[in-house]
Number of protein chains: 2
Amino acid sequence: MPQDDLNVGVLMFVAYRAMEKRVLDAVVAAGFDDITLAQARVFQRIGPGGTRLVELAEQAQVTKQTAGFLVDQLERAGYVERVADPGDARAKLVRIAARGRAAARIAAGAVAEVEAEWAAHLGARRMAQLGEALTRLRQITDPFA
Amino acid sequence: MPQDDLNVGVLMFVAYRAMEKRVLDAVVAAGFDDITLAQARVFQRIGPGGTRLVELAEQAQVTKQTAGFLVDQLERAGYVERVADPGDARAKLVRIAARGRAAARIAAGAVAEVEAEWAAHLGARRMAQLGEALTRLRQITDPFA
DNA sequence: CCTTGAAAGTCAGAATCTCTGACTAATATG
DNA sequence: CATATTAGTCAGAGATTCTGACTTTCAAGG
């Protein structure tokens, strides 16, 4: 798949990486300079009530060992904590800790900023269509949603 | 940026990775089983007439050293070749070799298949809107296009 | 209640990928 | 010609990711 006539997948790669970079840069600039891209990819998928490691692994598209490795680092840096999962003694929930919440606030702001820029460039209508198409696409591309 | 209300960036990540996996699986299944994901990401950005290493690096979003490392492997495996760039003696063009062309054909087929599935799921209209929005977005997210 | 298979997580080890820094050769500028 | 920039490489280190094996717990069936 070499080429100039970029396919939809590559186009998404380009935009996705641009967003990712902007957000990470903002987080790092805000003083959370010990977080890495790989860690952020896992971190961003943690739900409000905490998320199991296996689930994080699936969503970040890495093995559970890799996810565990990254969560170890996030935990050591104080971004997340592991708590027992009530209802399943095998599992633990990875939850966002105080420092993680602070970083997440910065990240959310950066996301909003980038989305606003995109909306300004595309126009509200096309931006809405983009979001809708991607959300629908998730039904057949996201192994869990 | 933790959450459930996935932002547009994450939505693109999900779909992009789904496409990437499908394509790589197809290529590997076709017998090109020594190619890796990282190599494929560089390979797919090689243009018809060959592309400079620095350009490949920018487009794949890695450093030129990393791109060089990956091109080394692609070259050793016979997927690409390096030829002198006429017009700039410093530069070399990374070009797709015979084996690479065979792999690229398989990849292109897989891309077409996935795009067809997506179009079927979204409907032709929304699929077209998706492509258009992403292409426009590239104007502000792609450092070169 | 007990057995069996599956699931969640961890440990260990190796391979792969990626980066920073330093360097050479060639080009562009003035 | 002097200087700054660009293309690419070399060397070394760090980060990420994987496969395989293992423990504990859960789920289902008998």
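Letters A, B, ... mirror the listed sequences (proteins, then strands); counts begin at 1.
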For this session: Let me know the distance between CD of E55(A) and P of dA8(C), rounded to the nearest Å.
Result: 9 Å
Problem set entry | Test salt bridge (charged side-chain N to carboxylate O under 4.0 Å, His left out) applied to R99(A) - qualifying residues, sequence neighbours left out | D34(A)
Exercise. Which whole-number value in Å describes the distance from L74(B) CG to dT16(C) C1'?
Worked result: 14 Å
For this session: Identify, with sequence neighbours excluded, every residue that meets salt bridge (charged side-chain N to carboxylate O under 4.0 Å, His left out) alongside R90(A).
Result: D88(A)
Exercise. Between atom NZ in K92(A) and atom P in dT25(D), what is the gap in whole Å?
Worked result: 11 Å
Problem set entry | Partners passing salt bridge (charged side-chain N to carboxylate O under 4.0 Å, His left out) against R136(B) (at least two apart in sequence or in another chain) | E132(B)
Problem set entry | Spacing of D85(A) atom CG relative to dT25(D) atom C1', expressed in whole Å | 12 Å
Problem set entry | Interatomic distance where CD belongs to Q73(A) and P belongs to dG14(D) [whole Å] | 14 Å
For this session: Report the nucleotide, chosen from dT17(D), dC19(C), dG8(D), that has the shortest atom-to-atom distance to any side-chain atom of F69(A).
Result: dT17(D)
For this session: Quickly work out the L37(A) CG to dC17(C) P distance and round it to whole Å.
Result: 16 Å
Exercise. Is it the case that one hydrophobic cluster holds both V62(A) and V80(A), taking links as side-chain heavy atoms less than 4.5 Å apart, direct or via other members?
Worked result: no
Problem set entry | Selected nucleotide, minimal atom distance to A91(A) side chain, candidates dA8(C), dT16(D), dC17(C) | dA8(C)
Problem set entry | Given DNA chain D, 5'-ward residue of the pair T63(A) and L93(B), judged by closest heavy atom | L93(B)
Seminar exercise, completed: Checking L11(B), L122(B), L6(B) against L134(A) for side chain to side chain contact (heavy atoms under 4.5 Å, CB included), the one that qualifies is L11(B)
Problem set entry | Sole candidate of R95(B), K92(B), R52(B) that passes salt bridge (charged side-chain N to carboxylate O under 4.0 Å, His left out) when paired with D85(B) | R52(B)
Exercise. So, is T66(A) near the phosphate of dC18(D), with a side-chain N or O under 4.0 Å from OP1 or OP2?
Worked result: yes
For this session: Take the C1' atoms of the five end pairs on each side of the helix from dC1(C)-dG30(D) to dG30(C)-dC1(D), get both axes, and report the angle to 10 degrees.
Result: 50°
Problem set entry | Nucleotide dA7(D), atom C1' - distance to CD of Q59(B) in whole Å | 16 Å
For this session: For dT16(C), take OP1 and OP2 only and decide whether either is under 4.0 Å from a side-chain N or O of T36(B).
Result: no
For this session: Would you please confirm or rule out a distance under 4.0 Å between OP1 or OP2 of dA7(D) and any side-chain N or O of R82(B)?
Result: no
Seminar exercise, completed: To the nearest 0.5 Å, atom CG of L137(B) lies from atom OH of Y16(A) at 15.0 Å
For this session: Any chance you could pull the hydrophobic cluster mates of L93(B), using side-chain heavy atoms under 4.5 angstrom and chaining through other members?
Result: V83(B)
For this session: Would you mind building the protein contact string for nucleotides 21-29 of chain C? One character per nucleotide, 5' to 3', B for base within reach (heavy atoms under 4.0 Å), S for sugar-phosphate only, - for untouched.
Result: B---BBS--
Seminar exercise, completed: Whole-Å distance, L53(A) CG to dT24(D) P, equals 18 Å
Exercise. Is any side-chain N of the basic residue among K64(A) and E58(A) closer than 4.0 Å to the acidic one's carboxylate O?
Worked result: no
